[in-house]
Trainee: 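First, the structure itself, so that you have it in front of you.
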Amino acid sequence: MGLPEIVDVARNFAVLVRIQGPDPKGLKMRKHAFHQFNSGKTTLSASGLLLPDTLYDADLANRILEGKSQGLGLVVTVASVVEPFLSSKHREGISQGPPELVPGAHVDVMVEGKLGLRKDEDGGLDKGASCWLSAHLIRLVDVPVSSLALQSLVEASSGSMDHGWEVGWSLASHESGPQPFMDVGQTQTEHGNASTVESHRHARGGSSNPSIMGRLTTRVAILGVFLHLKDLPSFKILASRKRGDFLLAVGSPFGVLSPVHFFNSLSVGSIANCYPPRSSDISLLMADFRCLPGMEGSPVFGENSDFIGILIRPLRQKSTGAEIQLVIPWKAIATACSDLLLKEPQNAEKGIHINKENLNAVGNAYNPKSDGSFPYKYEHHNSHCPSPLPVEKAMASICLITIDEAVWASGVLLNDQGLILTNAHLLEPWRFGKTTVNGREDGTKSEDLFFPPKEFSRYSEVDGYRKSQRLPPKTMNIVDSLVADERKGYKLSLSYKDRRNIRVRLDHADPWIWCDAKVVYVCKGPLDVALLQLEHVSDQLCPTKVDFKSPSLGSKAYVIGHGLFGPRCGSSPSVCSGVVSKIVKTKAPQYCQSLQGRNSHVPAMLETTAAVHPGGSGGAVINSEGHMIGLVTSNARHGGGTVIPHLNFSIPCAVLAPIFDFAKEMRDIALLQNLDQPNEDLSSVWALMPPLPPKPTPPLSTLPESILQDNEKQVKGSRFAKFIAERDKLFRGSTQLGKAGSISNVIFPSKL
């Protein structure tokens, strides 16, 4: 199914949710990126999913609304859009009934024109433009498994407040005003129809509490709306989800500001990661697409218009401003409200479908009177996909590298002997504008954390700067080290002296394998590359496949690495998709000429539109065939320090040919010395400088005699020194000639 066909189906289920109510003090818009305020009234909006009647119990929904009308439909959206307008008795936890809004507040839903069918003056049906329909708030539902998944991610990756996480769009104000951070939750009981509400007040700093953050971010609202649903297309739920799979979100960014311009806009991307990793029951998806405020609540679909889940507000890293788009799978939402919602579309011929696998799922929803713990268990499972995609195969060669359990980055496995390619700035940060922090005056280090200097704003390496928990011990099923194995026909000399503890996590096995590693080689030339060797090598390694050809502009590119989420998170490498946006070529080094043939130029830098985040250094750029075309090295950054993830730089495999040649036999380490040679062309490319112009030939008649005599013998520095000496001598002579210390008016032409 092509993208236009997917869009035609998806737009039928996407709606714009608008809520308007009294707000005399202008407090309701707090923590919202946009709003409308007029005459003491505030209007907020979000996106939503129009549920087909095959995904909910229509009889129960009508009973909840006391049979107010026929043709009831349900809309699922994020709770954050309606929570500011909850009545005081619900905010105080007094009421035991359905949620109510403050007097004067009302909710509307905009649907596609062909769904909001109304009778015109002639009695016919008007299939005109999109229209607003009145809606009623039915429930607020916590999603426990998704809440705990988000909480686990935040707790695991927050080394400090400066490097922690917060929820919300970068355009929203998170520090304005004294309004307390409210946790107002209505959750379901085992009896289904009854509901309880309890409010938990937290100071503004409560938003840093990962448990509260998880609950508030993943909470959804269910609305009732009256319209005709007979024209909706068939609705399918996507059962299996893999990293790299296609995603389409249909939502309304800034929708209430101008629905004509923003209603049901599109965002296309892919699944970056799944959490928990390697679990058959995914609780949270990390999506790689660009979304804007107001798209929270958007339905997300797969490549065959299969429904996946609901987009919520993003997770944003405080230090870099990086936003991670989050999607709650439909199964998690339906489980949290299983008396009303169905995990799979019901068969109209067989009647209502019952969630037989979890009849007591409603009782597992969050109870505000509980201790806050959630039943959350998962086991590793092998993928059920019969034939993994090329990109999925390439993930097995991506490694997680840690140094002294303080810094992490990514790496690429090159062969079955355990040779790993990564970036040199991970090992020698001082060469690339990074510094170390020593905790004590006596020189002992309290924490070996690396921080990018503020003045280095042109581009920045993308290591992870976090303090890691103690890593798991070495796992079993390993063989003797292949660093120096005469039986294999080679002997590699580890001349690089490094006492740091380097560990590598191999993700190809289940469970993951941790191994110690040693530094084999650090490039002293212009390229930011290094090699590590596993001390103990596991069986059945999955080395990468390489494509030395220059990729085509606009061709598909996938970046695979451990960006943002380090070893404590226990997550698999993320996949971000984009295209090759720029190829910077330069004169081919001598060692590349055999690969390039008659072509005198070689790609020296790749730029892609795929997102690259801190921790992604040393990851791989993969083409659509699953072959490595480049090594991730750096991304761009504003002068103020904000990272620009979609502008990044990678080293093409063509200029790394000596490394891949060495990896074949691992006999001749002299191959690597080619990369250590100075190369002005490569240096200028990676310094983000224009190509070096040819040296101009100065007019010889204007040069001093001493420079003319030594023109062929002296370097530029020597000629400049002689020029300064001669000029100083002339100035001193003119001062002596001038009376009363006056300076001669003789003009000396510049000789530079």
Side-chain angles (χ1 to χ4, degrees), residues 398-404 406-414 419-436 448-453 456 458-465 492-504 517-534 544 561-563 589 591 604-606 612 614-621 628 630-635 648-663 669-680 682-688:
I398 306 302
C399 312
L400 175 65
I401 302 171
T402 66
I403 296 183
D404 292 333
V407 177
W408 89 79
S410 306
V412 183
L413 190 64
L414 298 185
L419 188 67
I420 295 172
L421 174 64
T422 188
N423 288 136
H425 72 252
L426 176 66
L427 304 167
E428 298 181 352
W430 54 87
R431 289 177 50 201
F432 301 89
K434 293 181 181 293
T435 58
T436 59
D448 292 333
L449 295 178
F450 299 128
F451 297 92
F456 193 68
R458 183 168 293 162
Y459 69 95
S460 61
E461 288 73 17
V462 285
D463 298 330
Y465 303 94
L492 185 61
S493 175
L494 296 179
S495 59
Y496 190 90
K497 304 299 181 182
D498 197 323
R499 297 181 180 179
R500 289 174 291 182
N501 180 26
I502 302 175
R503 305 206 71 196
V504 175
K518 295 292 185 182
V519 179
V520 172
Y521 167 75
V522 177
C523 180
K524 301 302 180 184
L527 298 180
D528 182 6
V529 292
L531 291 174
L532 305 178
Q533 172 66 52
L534 298 179
T544 187
H562 290 274
Y591 62 79
M605 174 188 286
L606 298 181
V612 171
S617 281
V621 183
M628 179 179 175
L631 180 74
V632 178
T633 298
S634 58
N635 56 17
N648 47 77
F649 311 99
S650 304
I651 305 175
C653 290
V655 295
L656 298 178
I659 287 180
F660 295 103
D661 289 340
F662 171 76
I669 200 169
L671 289 170
L672 303 177
Q673 296 175 357
N674 292 317
L675 299 176
D676 292 332
Q677 302 302 318
N679 189 308
E680 292 185 353
L682 287 176
S683 297
S684 65
V685 168
W686 282 99
L688 299 188

Trainee: Any idea which heavy atoms bring Ala620 and Val412 closest together, and the distance?
Mentor: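 Distance-wise, the nearest heavy atoms are CB-CG2, 3.9 Å.
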Trainee: Is a donor on one side and an acceptor on the other found under 3.5 Å between the side chain of Asp676 and the backbone of Lys524?
Mentor: yes
Trainee: Side chains of Ile403 and Asn501: does their closest heavy-atom pair fall under 4.5 Å?
Mentor: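 Side-chain contact under 4.5 Å: no.
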Trainee: Less than 4.5 Å apart, any side-chain heavy atom of Tyr521 and any of Ile669?
Mentor: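 No, too far: nothing below the 4.5 Å cut-off.
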Trainee: Of all heavy-atom pairs between Asn674 and Leu671, which one has the smallest distance, and what is that distance?
Mentor: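 Nearest heavy atoms, Asn674 then Leu671: ND2-O, 3.2 Å.
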Trainee: Within this structure, what is the CD1-CG distance for the pair Ile651 and Leu656, rounded to the nearest 0.5 Å?
Mentor: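 Ile651 atom CD1 to Leu656 atom CG measures 5.5 Å (nearest 0.5 Å).
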Trainee: Report yes if the side chains of Leu419 and Ile659 come closer than 4.5 Å at any heavy-atom pair, otherwise no.
Mentor: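 A side-chain contact under 4.5 Å is absent here.
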Trainee: Are any of the side-chain heavy atoms of Glu428 and Val519 separated by less than 4.5 Å?
Mentor: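 Answer no - side chains too far apart.
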Trainee: Quick one: closest heavy-atom pair of Ala517 and Val504, and the distance?
Mentor: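 Shortest heavy-atom separation between Ala517 and Val504 comes out as CB-CG2, 3.8 Å.
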Trainee: Rounded at 0.5 Å granularity, tell me how far CG in Leu427 sits from SG in Cys523.
Mentor: 12.0 Å
Trainee: Would you say the side chain of Leu531 lies within less than 4.5 Å of the side chain of Leu414, judging by non-hydrogen atoms?
Mentor: yes
Trainee: Supply the atom-to-atom distance Ile502 CD1 to Leu534 CG, rounded to the nearest 0.5 angstrom.
Mentor: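 Reported to 0.5 Å precision, the distance equals 11.0 Å.
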Trainee: Taking all atoms of both residues into account, what is the closest heavy-atom pair of Trp686 and Ser634, and its distance?
Mentor: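 Closest heavy-atom pair between Trp686 and Ser634: CZ3-OG, 4.3 Å.
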Trainee: What are the two closest heavy atoms between Met605 and Val685, and how far apart are they?
Mentor: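 Nearest pair, atom of Met605 first, then Val685: CE-O, 3.5 Å.
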Trainee: Within the 4.5 Å heavy-atom criterion, are Ser410 and Val632 side-chain neighbours or not?
Mentor: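 Side-chain contact under 4.5 Å: no.
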Trainee: Give a yes or no on whether the backbone of Thr633 and the side-chain of Asp528 come within a donor-acceptor separation of less than 3.5 Å.
Mentor: no
Trainee: Which atoms form the tightest heavy-atom contact between Asn423 and Gly618, and what is the distance?
Mentor: OD1-N, 2.8 Å
